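Both backbone and side-chain heavy atoms feed into the values below; hydrogens, waters and symmetry mates do not. Quantities reported herein were computed from a predicted structural model and do not represent experimental measurements. Naming: A, B, ... by sequence-line order, numbering from 1 per chain.
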There are 2 protein chains.
Amino acid sequence: MATPKPGKPVRGSKTGQPIMALFDLLGRSWTMGVIWHLYKGPSTFRKLQEYCESISPTTLNKRLKELTESHLIERSIDGYMLTQQGRELFELLSPLGKWAKTWANNYTSK
Amino acid sequence: MATPKPGKPVRGSKTGQPIMALFDLLGRSWTMGVIWHLYKGPSTFRKLQEYCESISPTTLNKRLKELTESHLIERSIDGYMLTQQGRELFELLSPLGKWAKTWANNYTSK
DNA sequence: AGCTTTGCTATCAAATATGTAGCAAAAATT
DNA sequence: AATTTTTGCTACATATTTGATAGCAAAGCT
């Protein structure tokens, strides 16, 4: 599948509304996990495979290409790393970590 | 596929870390879009189908079941609506809207 | 020069999503 | 009260995505 781009048809919006393009990008298996792991620091392909537990190389490679095309990650001497934009995105995503914990609690108590 | 639950194996974490369970849930096609639309107010199945443009009934139905099991949405007299938890989640997601716009700009200028 | 690690591709199988049709139940209309 | 319309889905076939496994070429040690 093509990398979703704002302004082009994406899942959720034929006119490619930015938020829907972003949801299309983030809403693919592993994408958010990869961003999450890369925030800790640059990482190689093989290390990402370990961190992401059961991700297949096929899928990881696709995700890395999409994120690169989207200017959220880039390659450095140390492997893949988040760009400035990527870091900003992570920081918006990071409150989800705390929320998820309380969600997990409610979950078990219901 | 089963609804991801914290504490159970999910994509990204065999022990079901809450954040990974959340990413597994949100990172399925249309999930974030559905939450986004429902924040505006309760909506019926058919209206969600319209809002989400090309979502298939099969997929919509699956997503609605997952979100219900996850206590993020519930049914009311007016149709599906976000729960309190669902609204909280949306509010964490909402900054993405603004970010996506600047992302879209950078995108076109590169 | 040989051994390892890294980044990936190829291939095939399994899981998901899509498209279209249509039906039963509830609601609105006549 | 009978008829039409709307709603919420299910069935089924097809297309697309993801996953598992094997393995190879290039780079980096030793």
Side-chain angles (χ1 to χ4, degrees), chain A residues 1-5 8-14 20-21 23-35 37-38 41-70 73-82, chain B residues 1-5 8-14 20-21 23-38 40-70 73-82:
Chain A
M1 201 177 11
T3 303
K5 290 181 181 52
K8 304 278 172 184
V10 296
R11 279 188 306 200
S13 165
K14 286 169 187 163
M20 290 298 153
F23 284 165
D24 190 357
L25 180 69
L26 294 181
R28 292 178 180 194
S29 61
W30 302 102
T31 305
M32 289 189 283
V34 168
I35 293 172
H37 286 299
L38 282 182
S43 184
T44 64
F45 192 95
R46 296 251 166 165
K47 271 187 187 153
L48 278 172
Q49 270 187 297
E50 281 173 44
Y51 289 146
C52 292
E53 299 186 8
S54 61
I55 194 173
S56 70
T58 327
T59 305
L60 178 55
N61 191 36
K62 227 183 270 177
R63 292 297 103 90
L64 290 172
K65 278 180 183 165
E66 290 165 4
L67 288 169
T68 303
E69 258 198 89
S70 305
I73 68 175
E74 63 193 359
R75 300 194 70 167
S76 73
I77 191 74
D78 300 316
Y80 293 95
M81 61 180 279
L82 293 182
Chain B
M1 201 177 11
T3 302
K5 290 180 181 53
K8 304 276 173 187
V10 297
R11 279 187 307 199
S13 163
K14 286 170 187 162
M20 289 299 153
F23 284 165
D24 191 358
L25 180 69
L26 294 182
R28 292 178 179 194
S29 61
W30 300 103
T31 305
M32 289 189 282
V34 168
I35 293 172
W36 197 261
H37 286 300
L38 282 182
K40 296 176 200 157
S43 183
T44 63
F45 193 95
R46 295 255 165 164
K47 271 187 188 153
L48 278 172
Q49 271 188 298
E50 280 173 43
Y51 288 147
C52 292
E53 297 187 11
S54 61
I55 193 173
S56 71
T58 327
T59 305
L60 178 55
N61 190 37
K62 227 182 272 176
R63 292 296 103 91
L64 290 173
K65 279 181 182 165
E66 290 165 3
L67 288 169
T68 303
E69 259 197 87
S70 306
I73 68 175
E74 63 194 358
R75 300 194 71 166
S76 73
I77 190 75
D78 300 316
Y80 293 95
M81 61 180 281
L82 293 182

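- Between B:Arg75 and D:dT7, a side-chain N or O to OP1/OP2 separation shorter than 4.0 Å is absent.
- Atom CD of A:Gln49 and atom P of C:dC8 are 10 Å apart (whole Å).
- Atom CH2 of A:Trp30 and atom P of D:dG19 are 6 Å apart (whole Å).
- At least one side-chain heavy atom of A:Ser29 sits less than 4.5 Å from a side-chain heavy atom of A:Arg63.
- One atom, CD1 of A:Ile77, and another, C1' of D:dG28, lie 12 Å apart when rounded to the nearest Å.
- The CZ atom of A:Phe45 sits 15 Å away from the C1' atom of D:dA25 (whole-angstrom rounding).
- A salt bridge between A:Glu50 and A:Lys47 is absent, with no side-chain N of the basic residue lying under 4.0 Å from a carboxylate O of the acidic one.
- The distance from atom CZ of B:Arg46 to atom C1' of D:dG8 is 7 Å, rounded to the nearest whole Å.
- Taking all atoms of both residues into account, the shortest heavy-atom contact from B:Leu64 to B:Leu48 is CD2-CD1, 4.0 Å.
- Between A:Arg11 and A:Tyr80, the residue anchored closer to the 5' end of DNA chain C is A:Tyr80, taking for each the nucleotide with the nearest heavy atom.
- Here A:Ser29 does not reach the OP1 or OP2 of D:dT17: none of its side-chain N or O atoms lies under 4.0 Å away.
- Counting heavy atoms from C-beta outward, A:Ile35 and A:Ile73 have side chains that stay 4.5 Å or more apart.
- Nearest heavy atoms, A:Lys14 versus B:Glu53: N-OE1, 2.6 Å.
- Distance, B:Leu25 CG to C:dT16 P: 14 Å, rounded to whole Å.
- Heavy-atom minimum distance, A:Gly33 versus B:Phe23: N-CD1, 4.0 Å.
- Separating the CZ atom of A:Arg28 from the P atom of D:dT17 is a distance of 7 Å, rounded to the nearest angstrom.
- Within a heavy-atom distance below 4.0 Å of DNA chain C, the residues of residues 50-65 of chain A found are A:Pro57, A:Thr58, A:Asn61, A:Lys65.
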